[in-house]
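Residue numbers run from 1 in the order of the sequence given.
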Amino acid sequence: MVFLITMPFRSCTLASAHFAALVARFLVKRDALFSSRMKILWSLVFAPLVAGSVHAQIQVELRFARVQYVAYEPLVATVKITNLAGREIVLRDGQGERWFGFEITANEGRLLSPNRQNAEESLRIRTGETVTRKINLAPVYPMQEFGPYHVRAHVFFADLNKFFYSQSKVVQVGDARAIWQQTVGVPAGMPGAGGERTYSLLSNRFPDHTKLYVRVEDRSTGAVYSTYPLGRAIAYGDPQAELDRSNQLHVLHCAGPRTWAYSEIGLNGQLLARSTFMETKTRPKLQLSADGQIAVRGGIMDAPVAQSAKQPASKLSARPATPPADD
């Protein structure tokens, strides 16, 4: 026996409509769920990539030649700025911010303020180009107290109103051991005439070498005119120091095996002359003449290899004075 179940036409229509509504609601929820999942996927995968590309538009690198420095000596920071924006950029002051600067903290996180604000001209950097700047921090920031300093360079990109920072570097500032000192008067006709200057030769030991420094200061006022290295020194007797008739300092010290470095320093701390002498049958030494002049006697001046034998070496006073390369 077969039973045939029939349904009124209106009831069938209502059921179909209800089914269609359920399907529509399912599709809406599915699309919403898919959209939500896509947003999560975007935030987890794609957003960091975009953020990274924005963050990496300008790369800033900071480097120092060494970690240990003597108080008042040049403290040169080398900063490399690389354009990764994919287009040419111009770094300039804007939004009340200077485009280039440093953040320096001393003990207990104390932030140092610059002694003066150096005006930096706008800098145009081509796509992918790296620009290097060298800044002596010693005269700009009060970094003469002994202790560690945390230094970070920053670049402000006005187009994005955003700062880009280098990694933080630590430098240690200390003092060196005084091995010779002499206070002299400033002769008439010279800058600061009637005042006093104190010359000091300092020795500072690093992990793998010892370096000789000179400092020129006015102890009556506390002014330090300069402190800088005269080069490496080896333990082969104390450096020889002499004053000429103008009270300028002449120093001769052993810089290596059979190698002697000569330096002449002015009353305001300027390096007036610098030469190297090689020990031969006689060892170089400073000699004061009757008229108050200083000369190096013995040894032979280390002249450039390319210099012709027919051309005699120039006088010490005629040679440009360049400080030794930093280690």
Atom CG of Leu288: over 12 foreign heavy atoms under 6.0 Å: yes

Pro284 and Val296 have their tightest heavy-atom pair at CB-CG1, 4.1 Å

Measure the acute angle between the ring planes of Phe157 and Phe164, then classify it against the limits of 30° and 60° as parallel, tilted or perpendicular. tilted

Is the shortest heavy-atom distance from the side chain of Tyr149 to the side chain of Leu75 under 4.5 Å? no

Please check if Leu267 and Tyr72 belong to a single hydrophobic cluster, counting links between Ile, Leu, Val, Met, Phe, Trp and Tyr side chain heavy atoms closer than 4.5 Å. no

Within 45° of the six-membered ring axis of Phe156 and under 6.0 Å from that ring's centre, is NZ or CZ of Lys162 located there? no

Are side-chain heavy atoms of Pro191 and Asn268 found at a separation under 4.5 Å? yes

Do Trp260 and Glu279 have side chains that get closer than 4.5 Å, going by heavy atoms? yes

Shortest non-hydrogen contact from Ile125 to Asn83? O-ND2, 3.1 Å

Quick one: closest heavy-atom pair of Leu62 and Ala77, and the distance? CD1-CB, 3.8 Å

Heavy atoms only: give me the nearest Arg98-Asp93 pair and the separation to one decimal. CA-OD1, 3.3 Å

Mind jotting down which residue pairs meet the ring-ring contact (aromatic ring centres under 6.0 Å, His included) criterion with at least one end in residues 90-147? Sequence neighbours excluded, please. Phe100-Phe102

Determine, stepwise, if the pair Glu196 / Thr183 fulfils side-chain hydrogen bond (donor to acceptor under 3.5 Å, both in side chains). CA-CA 7 Å; Glu196 292 184 348; Thr183 300; 5.7 Å; no

Where Arg110 and Glu145 come nearest, the two heavy atoms and their spacing: NH2-OE1, 3.5 Å

Would you say that Asp218 contacts Arg197 through its side chain, given a criterion of any heavy-atom pair below 4.5 Å between the two side chains? yes

Please determine whether residues Ile135 and Ile58 belong to a single hydrophobic cluster, defined as Ile, Leu, Val, Met, Phe, Trp and Tyr linked transitively by side-chain heavy-atom distances below 4.5 Å. yes

We want to know whether Glu73 and Tyr213 form a side-chain donor-acceptor pair, criterion being a heavy-atom distance below 3.5 angstrom. yes

If Ile, Leu, Val, Met, Phe, Trp and Tyr residues are connected whenever their side-chain heavy atoms lie under 4.5 Å apart, and connections chain through other members, are Leu230 and Val76 in the same group? no

Side chains of Arg215 and Thr227: any donor to acceptor distance under 3.5 Å? yes

Test your reading of the model: is there a side-chain donor-acceptor pair from Asp244 to the backbone of Ile294, 3.5 Å cut-off? no

Taking every heavy atom of Leu252 against every heavy atom of Leu286, the minimum-distance pair comes out as CB-CG, 3.8 Å

NZ/NE/NH1/NH2 to OD/OE distance under 4.0 Å, Glu88 and Arg126: no

Glu264 side chain reached by Val251 side chain, heavy atoms, under 4.5 Å: no

Could you check whether any side-chain heavy atom of Val70 comes within less than 4.5 Å of a side-chain heavy atom of Tyr228, counting everything from C-beta outward? no

Is there a path of hydrophobic side-chain contacts, each under 4.5 Å between heavy atoms, that joins Ile265 and Ile179? yes

